[in-house]
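Numbered from 1 within each chain, the chains take letters A, B, ... in sequence-line order.
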Amino acid sequence: MSKPEPVEVSNFIRNLIEADVNAGKHDGQVVTRFPPEPNGYLHIGHAKSICLNFGMASRFNGRCNLRFDDTNPVRESEEYALAIKEDVSWLGFEWDELRHASDYFEQLYDYACELIRQGKAYVDSSSAEELRALRGTLTEPGTPGPYRERSVEENLDLFQRMRAGEFADGTHVLRAKIDLSSGNMNLRDPTLYRIRKVTHIRTGDAWPIYPMYDYTHCLSDAIEGITHSLCTLEFEDHRPLYNWVLEQLTTPGQPEQTEFARLSLEYTVLSKRRLIQLVEENHVHSWDDPRMPTITGFRRRGYTPESIRDFCERIGVTKNDAWIEMVILENSIRDQLNVEAPRRMAVLEPVKVVITDLDDDYTETLSFANHPQDESAGRRDIGFSKEIWIDRDDFAENPPPKYQRLVLGGEVRLRGCYVIKCNDIIKDADGNIVELHCTHDAQTLGKKPEGRKVKGVIHWVCARQGVNAEVRMYEPLFTVPDPGSAESFSSVINPDSEKVMTRCVVEPSLATAAPETHFQFERLGYFVTDRRDHNKELPVFNRTVTLRDTWAK
RNA sequence: UGGGCCGUCGCCAAGCGGUUAAGGCACCGGGUUUUGAUCCCGGCAUUCGGAAGUUCGAAUCUUCCCGGCCCAGCCA
């Protein structure tokens, strides 16, 4: 069997970079960067950007930096920075250099002084409210405020004193002097620096002023020699500002920004605000809750780096506002685990089956293939005795049409074992099924039964050998495709997104598996030993994804 | 209503003036199967948001129209 080989998909960014390389632009070099702000955990949308940036660099023998966009200390923390590094590494990417926008604060400051000297930037002492009023609206131009024509000397003096910490937060900003009547709001004298007397995760209290994203990003790109600055569509009308800053200044490089559509995934949310809300309002247990669309959440759920990269390959890169169906992601992990995951048997809701025509001390050892299509996966022994567990769902007193599992008076194949027939249902005083009494056909081990067809096959676990385990079943967190557009979560949260089953019985070998080991529980789906809670005493499995089920539909 | 974008099969997505308009997912058959899984075979856009136009020839060029997304943080 071969692993799914991701085919190289053409997209407009790849075409563009290829054309640049062929034309000898940037000396044929390709340098990209992944620039997260350390103010939250990475999610599957970031994975798209990571795969694109690292992928393009690797495809064209270039480099990709990891750069923390740490220009707003009020929202950033070291915890997030650590988690981001771990997630990028886990996804399988190695950055060329680890950089921070804050590495460039001194250069950025010098560049700002240069803009002031050129008369292209000025200190505005209006309040935030006044600035907003003066900026105009989408259809009306902005109007010049009283500080727009300050002299170079005064601006320089004020800006230096801003840096020296002489002024309180909010009293002054440095603005670029561009075009107050531009249809593009970003060009109406955008703010370049604001005063924030806040401790920064890397520079501490060295700076009372911090540069804004638009001013910082283009210069950071230029300083690092980035050739292709890839970002999402909402930055499209920031590009004129990105270019304006670089045009005014003499910088080491001439990066070019290209925008692509951010990922939208059905039945989940991908905005930082919404993700934080899920954690803070306790709709999930943590950032790495297996229901979270964070990288760390998918990891705990049992997704692999390969499957996430494969997913990013499958969805493509365009400028379309695309909504990706969850099934695309699910198929990425199914396709990998179908090939790689060893098969095991686990019973989630046990019902005891007594094989009445077997002696009480009867035992037999059966050999099972770990993978039906791959002999190299090896075999294992499984015990069989008079009492076994089967799943509640695999017996029906009143079977629906086309039901092919066990029914009273009917036969079913125990996977890898004998065909059994159900003769009696034993119930307790409340009418609950306690035991099923069956007989077995001794001629059916490894052989088809004679004179009749038995279509159904069910999984089982030997009652003597079975080990108690906890299995966590997951379903989508939301009940609607676009929960982000709902006014509140309460109306769109799926109350059954997590179901913890504690009475499960699994094959003994499963208990000793290391955390983050993937298995297929036959007929049930793919499961992973929980990264944090799994142990020998209490094995814990998370359902990554079900098997495709054409019958359920 | 100012500015910037986007519209190819149910969901993605190739295509860049001459192709029978790739491919994946989903779906619908049929075969294999001791997982209702996997695997295999077949089907699935005379048509590219709409209308004009240019051209021997248009999804690809032009114009207009329709629909959708983004922008008025001292956030990124």
Side-chain angles (χ1 to χ4, degrees), chain A residues 1 7 9-12 15 35-37 39-40 69 71-72 74-76 124 126-128 131-133 135-142 169-175 181-188 190-196 209-210 212-214 216-217 231-240 259 261 266 272 313-328 330-332 334-335 338-339 343 345 371-373 402-405 412-417 419 444-448 454-459 520-525 546-553:
Chain A
M1 299 213 50
V7 281
V9 181
S10 173
N11 67 60
F12 78 104
N15 294 159
E37 183 186 14
N39 71 338
D69 232 326
T71 57
N72 187 0
V74 311
R75 324 198 306 172
E76 295 151 10
D124 197 314
S126 309
S127 67
L131 247 31
R132 193 186 319 125
R135 193 158 26 235
T137 69
L138 293 179
T139 51
E140 305 160 53
D169 287 14
T171 51
H172 307 276
V173 292
L174 183 73
R175 300 175 77 185
S181 62
S182 173
N184 183 344
M185 299 297 289
N186 296 300
L187 263 21
R188 320 245 268 227
T191 300
L192 266 23
Y193 272 88
R194 74 286 217 192
I195 301 172
R196 281 274 184 288
I209 57 173
Y210 292 95
M212 299 287 288
Y213 165 85
D214 285 305
T216 307
H217 204 86
C231 64
T232 44
L233 246 29
E234 67 268 28
F235 292 103
E236 213 155 17
D237 30 72
H238 292 239
R239 183 163 15 105
E259 311 83 10
E266 288 188 348
K272 251 170 208 174
E313 207 62 52
R314 293 184 189 198
I315 60 176
V317 180
T318 67
K319 300 183 76 154
N320 301 342
D321 300 311
W323 276 88
I324 308 297
E325 295 172 333
M326 195 57 101
V327 68
I328 304 289
E330 294 175 343
N331 283 332
S332 292
R334 282 191 184 113
D335 288 354
N338 174 47
V339 174
R343 272 55 172 174
M345 291 200 288
H371 194 293
Q373 280 87 232
K402 302 208 176 156
Y403 187 78
Q404 51 187 231
R405 284 111 94 160
V412 79
R413 158 79 63 183
L414 292 179
R415 168 117 253 230
C417 190
V419 168
T444 54
L445 185 62
K447 291 198 278 278
K448 290 197 190 325
V454 174
K455 181 96 169 101
V457 179
I458 64 172
H459 58 274
Q520 183 197 94
F521 289 175
E522 295 217 37
R523 303 208 312 128
L524 295 176
T546 61
L547 256 31
R548 273 195 197 86
D549 188 353
T550 48
W551 185 68
K553 286 170 186 168

Handout entry: Short side-chain N/O contact from Thr550(A) to OP1 or OP2 of rA37(B), under 4.0 Å
Key = yes

Exercise for the section: Over 60° means perpendicular and under 30° means parallel, so classify the ring planes of Phe235(A) and Tyr213(A), tilted if in between. Expected result: tilted

Problem - Separation between the P atoms of rC69(B) and rU1(B), rounded to whole Å - result: 15 Å

Fill in the blank from the handout: Of Ser181(A) and Glu266(A), the one whose nearest nucleotide on RNA chain B sits closer to the 5' end is Ser181(A)

Handout entry: N/O (side chain, Asn331(A)) to phosphate O (OP1/OP2, rA26(B)) under 4.0 Å
Key = yes

Exercise for the section: Syn or anti for rG23(B), please, going by whether the chi angle lies within 90° of 0. Expected result: anti

Exercise for the section: Using the P atoms only, state how far rU63(B) lies from rC5(B), rounded to an integer number of Å. Expected result: 14 Å

Practice task
Give a yes/no answer on whether the side chain of Arg75(A) brings an N or O atom under 4.0 Å of OP1 or OP2 in rG73(B).
Solution key: no

Practice task
Considering just the side-chain nitrogens and oxygens of Arg314(A), establish if one lies under 4.0 Å of OP1 or OP2 belonging to rA13(B).
Solution key: no

Practice task
Output yes if the stacking criterion (under 5.5 Å between centres, under 30° between planes) is met for Tyr213(A) over the base of rA76(B), else no.
Solution key: no

List, with names and distances, any nitrogen or oxygen atoms from the protein found under 3.5 Å away from nitrogen or oxygen atoms belonging to nucleotides 28-32 of chain B.
none

Handout entry: Nearest-angstrom distance, C1' atom, rC9(B) to rA21(B)
Key = 11 Å

Practice task
Only one of His459(A), Arg415(A), Arg343(A) passes side-chain hydrogen bond (donor to acceptor under 3.5 Å, both in side chains) with Glu522(A); say which it is.
Solution key: Arg415(A)

Handout entry: Base rG3(B) to side chain Asp237(A), donor-acceptor N/O within 3.5 Å cut-off
Key = yes

Practice task
Using only side-chain N and O atoms of Arg135(A), determine if any of them is under 4.0 Å from OP1 or OP2 of rG73(B).
Solution key: yes

Handout entry: Any Thr444(A) side-chain N or O less than 4.0 Å from OP1/OP2 of rU34(B)
Key = no

